[in-house]
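Structure record follows, encoded as structure tokens.
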Amino acid sequence: MVRHLRSLQDFTKDELGGFIQRALELKKERQDGLQHRLLDGKTIGLIFEKPSTRTRVSFEAAMYGLGGQVIFLSGRDTQLARSEPLKDMARVMARYVDGLVVRTFGQDVVDELARYSSVPVVNALSDLHHPCQILSDVMTVIEKKGPIETLKIAWVGDGNNVANSWIQAAEILGFELILACPEGYDPDPGILHKGRSNAAKPIVLVRSPEQAVAEADVINVDVWTSMGKEGEEESRLEAFRGYQMNNGLLAKAPPEAIVLHCLPAHRGEEITAEVLESERCVAFDQAENKMHMHKAILEKLIGG
Ligand code: CP
Ligand code: NVA
């Protein structure tokens, strides 16, 4: 059966744990100088309708690092830009490649490609989810702080795609999550409701960033204006005033709490340069871990 990674919900707790364990192993093996040919002869297609630095390059590096090949397609260069139906695109691409990695706007695009593709489709960010990011972020948290079930994770800022995937991770993996979002910028209500109904540990939404960080082991920050929302930038700057991760807010958190940012960062908006460049912030380790995690994902999904 073809497995897709449309959101974290496509995998069980054990399977998500398996991705993390394998990514940690692959990281160690790379550090030890071990070369892999696990995906020799395999090819993935990357279809990206939004910009990307980390996700694109880490998927490409992961695939080449496992002996495979990559074909990159920017959305505007395919016939999708001229309204070719997604179901046709999916069936054609599946005849050429062994997996599709897709970054797009609507989650419906990812879902439709997956419905018609006979090869695995991986969501490399949609407006609703960023599952691969959260897997590598959880890996980073485990590396830095130990088992995530024992930790309290905070989110400060927009209830965006990354926040939605953190909620799904909390639901499936069973850790405490507290989100502070300004009114009007809550996470997806369906994802939040389902997460809260099923989770073993509390998933809490508050308005106060100070309350969110007060007992946190890990504090997550992301941009205030996600890709596709650029037209709202001015009103967002206003709405998120007071949600900046700065030394003042960090001082309200426990002294051993670490800060995560999936990057790209906007210094002076959601995070100050001081915090981003400080030892408390592990953003660049997160960025590295994306490559190890993408290897683990590709190996499981297309390695057979
Ligand atoms: N974190 C992340 O997804 O970065 P990119 O947009 O550069 O891929
Ligand atoms: N929430 C951000 C994440 C970027 C990696 C966005 O969607 O633009």
Side-chain angles (χ1 to χ4, degrees), residues 5-8 23 44 46-63 70 72-75 100-110 122-141 154-169 179-182 184-188 191-192 218-233 236-237 239-240 243-245 259-267 269-271 276 281-295 297-298:
L5 177 45
R6 294 162 294 193
S7 79
L8 293 176
I44 55 166
L46 263 57
I47 305 171
F48 275 45
E49 297 193 294
K50 287 177 177 172
S52 171
T53 299
R54 280 147 289 271
T55 308
R56 173 185 173 174
V57 178
S58 57
F59 263 111
E60 293 195 5
M63 195 61 189
V70 177
F72 180 83
L73 292 161
S74 89
L100 285 170
V101 176
V102 182
R103 170 168 286 201
T104 189
F105 293 86
Q107 179 65 25
D108 55 328
V109 173
V110 178
V122 176
N123 182 352
L125 182 147
S126 67
D127 290 343
L128 198 62
H129 299 286
H130 198 359
C132 300
Q133 180 69 49
I134 274 51
L135 283 175
S136 49
D137 292 351
V138 172
M139 169 186 174
T140 310
V141 168
W155 175 271
V156 176
D158 190 16
N160 61 18
N161 43 7
V162 180
N164 289 333
S165 288
W166 268 106
I167 293 169
Q168 290 198 329
L179 306 108
C181 308
Y185 297 92
D186 289 351
D188 179 82
I191 292 173
L192 185 61
V218 175
I219 306 161
N220 278 287
V221 188
D222 187 17
V223 292
W224 289 342
T225 304
S226 284
M227 291 179 279
K229 303 278 186 196
E230 290 80 1
E232 302 172 13
E233 190 159 1
R236 284 173 172 267
L237 282 174
F240 288 100
Y243 286 76
Q244 184 186 68
M245 177 45 63
V259 176
L260 267 66
H261 192 314
C262 66
L263 301 176
H266 294 81
R267 290 167 174 80
E269 290 186 20
E270 76 277 359
I271 192 164
L276 187 73
C281 183
V282 299
F284 296 96
D285 294 322
Q286 285 174 262
E288 177 186 336
N289 283 341
K290 284 171 75 76
M291 181 182 65
H292 307 299
M293 180 52 68
H294 295 165
K295 280 185 180 170
I297 291 168
L298 292 171

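Both counts, for ligands and for their atoms, begin at 1 and track the order of listing. Heads up: numbering here begins at 1 and tracks the sequence. Computed from a predicted structure; not experimentally measured.
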For residues [X] and [Y], report the shortest heavy-atom separation together with the two atoms involved.
{"X": "Gly157", "Y": "Pro182", "value": "O-CD, 3.6 Å"}
{"X": "Val223", "Y": "Asp158", "value": "O-CB, 4.1 Å"}
{"X": "Gly159", "Y": "Asn164", "value": "O-OD1, 4.2 Å"}
{"X": "Gln107", "Y": "Asn123", "value": "OE1-ND2, 3.1 Å"}
{"X": "Phe59", "Y": "Ala124", "value": "CE1-CB, 4.4 Å"}

Leu125, portion touching ligand 2 at heavy-atom distance under 4.0 Å:
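It is the side chain that gets close, since no backbone atom is under 4.0 Å.
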Hey, is Val223 touching ligand 2 through its side chain, its backbone, both or neither, going by heavy atoms under 4.0 Å?
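Under 4.0 Å from ligand 2, Val223 contributes side-chain atoms alone.
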List every atom of ligand 1 that sits less than 4.0 Å from any heavy atom of [X], numbering the atoms from 1 in the order shown and giving each element.
{"X": "Lys290", "answer": "1 (N), 2 (C), 3 (O)"}
{"X": "Thr55", "answer": "2 (C), 3 (O), 4 (O), 5 (P), 8 (O)"}
{"X": "Gln133", "answer": "1 (N), 2 (C), 3 (O)"}
{"X": "Thr53", "answer": "5 (P), 7 (O), 8 (O)"}

Any N or O of Leu263 that comes nearer than 3.5 Å to an N or O of ligand 1?
yes
Below 3.5 Å, N or O to N or O, backbone or side chain included: is there any such pair between Leu125 and ligand 1?
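No: no nitrogen or oxygen of Leu125 is under 3.5 Å from one in ligand 1.
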Under 3.5 Å between any N/O of Ser226 and any N/O of ligand 2: does that happen in this structure?
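Indeed, backbone or side chain, Ser226 has an N or O that close.
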With only distance considered, is Arg103 within less than 3.5 Å of ligand 2 through an N or O on each side?
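N/O-N/O distance under 3.5 Å: no.
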Specify the protein heavy atom at minimum distance from [atom]: its residue, its atom name, and the distance to 0.1 Å.
{"atom": "atom 7 (O) of ligand 2", "result": "Asn161 ND2, 2.8 Å"}
{"atom": "atom 8 (O) of ligand 2", "result": "Met227 N, 2.8 Å"}
{"atom": "atom 4 (O) of ligand 1", "result": "Arg54 NE, 2.9 Å"}
{"atom": "atom 6 (O) of ligand 1", "result": "Arg103 NH1, 2.8 Å"}
{"atom": "atom 3 (C) of ligand 2", "result": "Asp222 OD2, 3.7 Å"}

Taking NZ in Lys50 as the centre, count heavy atoms belonging to other residues, nucleotides or ligands within less than 6.0 Å. Is the count above 12?
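Enclosed: over 12 neighbouring heavy atoms sit under 6.0 Å from NZ of Lys50.
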Is the closest side-chain donor-acceptor distance between Asn220 and Asp137 under 3.5 Å?
no
Within a distance under 4.0 Å of any heavy atom of Asn160, pick out the atoms of ligand 2 and give their elements.
1 (N)
For Leu263 and ligand 2, answer yes if some heavy atom of the residue is under 4.0 Å from a ligand atom, otherwise no.
yes
Give me the ring orientation class for Tyr185 and Phe240: parallel if the planes are under 30° apart, tilted from 30 to 60°, perpendicular past 60°.
tilted
Kindly confirm or rule out a cation-pi arrangement of Arg56 over Phe48, judged by NZ or CZ under 6.0 Å from the six-membered ring centre and within 45° of its axis?
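Cation-pi check for Arg56 and Phe48: fails.
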